[in-house]
Protein chains: 2
Amino acid sequence: MTGIQEIARETGLSTATVSRALRGLPNVKAETTSAVRRAADRLGYIPSSAASGLATGRSRALGVLVPVINRWFYVNVLEGIDAELRQAGYDLILYSLGGPAGDRERVFHRSILRRRIDALVVLCLVFNPDESEQLQLAEFPTIVVGGPGPGVRHMGIDDRAAGAAATNHLLGLGHTEIAHIGGEDELGLNIAVPLERHNGYVEALNAAGISAREEWTVNGAFSFEGGQRAMRGLLETAGHRPTAVFAASDEMAFGAITAIVEAGLRVPNDLSVIGIDGHQYGAAMRLTTVSQNPYQQGADATRVLLAELDGREHADSFPSAPFELIVRSSTAPPPASKRDATW
Amino acid sequence: MTGIQEIARETGLSTATVSRALRGLPNVKAETTSAVRRAADRLGYIPSSAASGLATGRSRALGVLVPVINRWFYVNVLEGIDAELRQAGYDLILYSLGGPAGDRERVFHRSILRRRIDALVVLCLVFNPDESEQLQLAEFPTIVVGGPGPGVRHMGIDDRAAGAAATNHLLGLGHTEIAHIGGEDELGLNIAVPLERHNGYVEALNAAGISAREEWTVNGAFSFEGGQRAMRGLLETAGHRPTAVFAASDEMAFGAITAIVEAGLRVPNDLSVIGIDGHQYGAAMRLTTVSQNPYQQGADATRVLLAELDGREHADSFPSAPFELIVRSSTAPPPASKRDATW
DNA sequence: GTGAAAGCGCTAACAA
DNA sequence: TTGTTAGCGCTTTCAC
């Protein structure tokens, strides 16, 4: 209830001076500033962001749009964004599409566009034309983290290269029968990432003179359960079984490993498994993976946006974020019997 | 750039009528409403939440305060809150303390109190007196999910009962040598939950005529890695080894299982493990657990808050959220040799 | 170094 | 059903 006015009255100053003092602007006598601060404390003054937002046109808040919250990658990007924002004194407004069930259109129209935010980070989404237009209208700087899309600048790893790196690691070990657990994720979310990783897989195979078998690319929906289900399906395919599996995310890889162990087989003796991400559980699960740093990607994207809000530099594209092959013991050369069979 | 005024000019109406039409208030001719809507669309009108917030005193946003983001429980509560909010047309502002590193005081003073939110959900935090005072000043309805604290109403499971339930399950199987992996979490965050679960453990043991060995309660920091580390420590204690372990969270239980398997032992043949939470991975890991539903808790808390904002009912306390023992195969009677030794 | 006054874009009486 | 008129609490010229 206490506003800048009470403080003005209390200190015998004008609201203008109080406002300046509170924000620590120059051109205010030091004693005045401290008097104002003291009064503010005493009165329990709480600034109104609506009022200052209205007056300045800036909300000091950044939006983050995610398909769903509950995914390793998103959560880690969020942490990175949050850390950067906290330092800058910005608030974080989280918009979730709510997965396939949540209605996407409403989020775009209702929330994001209420001019509550100064900038937007989008995670792994590809927009449809209407959405692009809405975003255009809103006129705040935007950046996509995690999946490239047409018409929006993007920060993240080169997914195709990462997919190829994972596949090449398996090829290098001598595998030729390599399956892929990818994912359409759900309902049009996140389509760029799985696509590119799959492309990398196919290209790496082709480069090795192997053509991808269609029935060996299965959908793991980018979740543990999905990966497990997909792997079960792969194992049930009687007769011909791959010797290695490349999962497009660690969470799916964990699921795959679980399914393999359930089936009485061993990793990597019977089957090698590699993932992408660098999930914390990876070390304990001994998962070989292509690791990336979503925290850093989130922080970097945020720093770019913040710099633009400050009127500093502007970039239209960014170098790919780094990734790194981490070899642990979920991958090994194919079993001897198989090797003989192939040669 | 387009405001309510342009629409007023364009349609030949007053801003008041436009405002009413845009919000779908009654007492506006249907044709007028649709004319306004059309004009708004055509002009690409985007409402300013700052302006309407200033005028109404409501921001239509709810704050969520978390110790860190990256934890199974928090993420799932967030999903529940978000789902409820999306439906109500509210935005979600996420405040993270940023773990032990982030400075807690700043979050409280700077952000939350900027009157940007109409209500607040706090996850698993216990406040110090200064923080309580700040919250009091801010005057919005608040509710804590996940850990009871003095002076704030709270929603969540009865942690003591859950701890006892887990311990009793092990006792019921015949275990008498039961260790506990709990956690201080980090730096004063989240102290109520681990404390109560530990209390439940001790009480259940006592009720069975067993006194808890101090060296068998270890800190797993509520993380996978922490649980793994704690379990390793427990196993290295030469000579006397427990026959069962109760971990205060599934994530720690997964870490413990990993450590046990690493050590060449088997679950549940050599050691039984039980957790608390109901993590998705639990089924695949075959973890017996006391499961709870954080999504529901988040959604319920949000519904309560929203009802209060609407001037409907107000409650000062809530029934405990349900939990349920899910028996899978990480728990079994103690090994025969051990059993003989004890009897 | 400080004050007066005019908004920022919307909502909410009160009239008409 | 619609318009008029004040604000909401802060920032920001422009004077002094």
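Proteins come first, then strands; the chains are lettered A, B, ... in the order of their sequence lines, and each starts at number 1.
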### Query
Does a side-chain heavy-atom distance below 4.5 Å link A/D82 with B/L94?
no
### Query
Are B/F222 and B/F73 close enough that their ring centres sit under 6.0 Å apart?
no
### Task
Find the distance between OH (B/Y45) and CD1 (B/I7) and round it off to the nearest 0.5 Å.
6.0 Å
### Task
May I ask you to evaluate whether A/S19 reaches the phosphate of D/dC10, defined as a side-chain N or O under 4.0 Å from OP1 or OP2?
no
### Query
Do A/R153 and A/V304 come within less than 4.5 Å of each other through their side chains, counting heavy atoms only?
yes
## Note on the structure
note: A/Q5, atom CD; C/dA4, atom P; distance rounded to Å ~ 12 Å
### Query
D/dT11 phosphate, OP1 or OP2: any side-chain N/O from A/T15 under 4.0 angstrom?
no
### Message
Please report the distance, rounded to the nearest Å, between CG in B/N27 and C1' in C/dC14.
### Response
14 Å
### Query
Taking atom P of D/dT12 as reference, at what distance in whole Å does atom CG of A/L25 sit?
8 Å
### Message
If you take any heavy atom closer than 4.0 Å to DNA chain C, which residues from residues 33-60 of chain A end up in contact?
### Response
A/L54, A/A55
### Task
Check side chain to side chain contact (heavy atoms under 4.5 Å, CB included) between A/V107 and all other residues, then give those that pass, not counting sequence neighbours.
A/L65, A/Y95, A/L97, A/I112, B/R86
### Message
By nearest heavy atom, map B/T32 and A/I4 onto DNA chain D; which one lands nearer the 5' end?
### Response
B/T32
### Task
Nearest whole angstrom, please: distance from the P of D/dG9 to the CG of A/L22.
15 Å
### Side-chain N,O (B/R23) to OP1/OP2 (C/dA12) below 4.0 Å
yes
### Task
Mind calculating the distance between CD1 (A/I7) and P (C/dT2) to the nearest angstrom?
15 Å
### Message
What's the separation between atom OG in B/S19 and atom CG in B/L25, rounded to the nearest 0.5 Å?
### Response
7.0 Å
### Main-chain N/O of B/I46 paired with A/R115 side-chain donor or acceptor, under 3.5 Å
yes
### Query
Where the side chain of A/V28 is defined as all heavy atoms beyond and including C-beta, which of C/dT2, D/dT2, C/dT11 is the nearest nucleotide?
C/dT2
Distances for protein N/O vs nucleotides 13-16 of chain D N/O pairs under 3.5 angstrom?
unit_1	atom_1	unit_2	atom_2	d
D/dT13	O4	A/R20	NH2	3.4

### Task
Output the single nucleotide from C/dG1, D/dT12, C/dC10 whose closest atom is nearest the side chain of A/K29.
C/dG1
## Note on the structure
Here the distance between atom P of C/dT2 and atom CZ of A/R9, to the nearest Å, is 20 Å
#### Entry: Flag side-chain contact, heavy atom, 4.5 Å: B/R114 against A/P47
yes
### Task
Look at A/R303 together with A/D300 and state whether they make a salt bridge at an N to O cut-off of under 4.0 Å.
yes
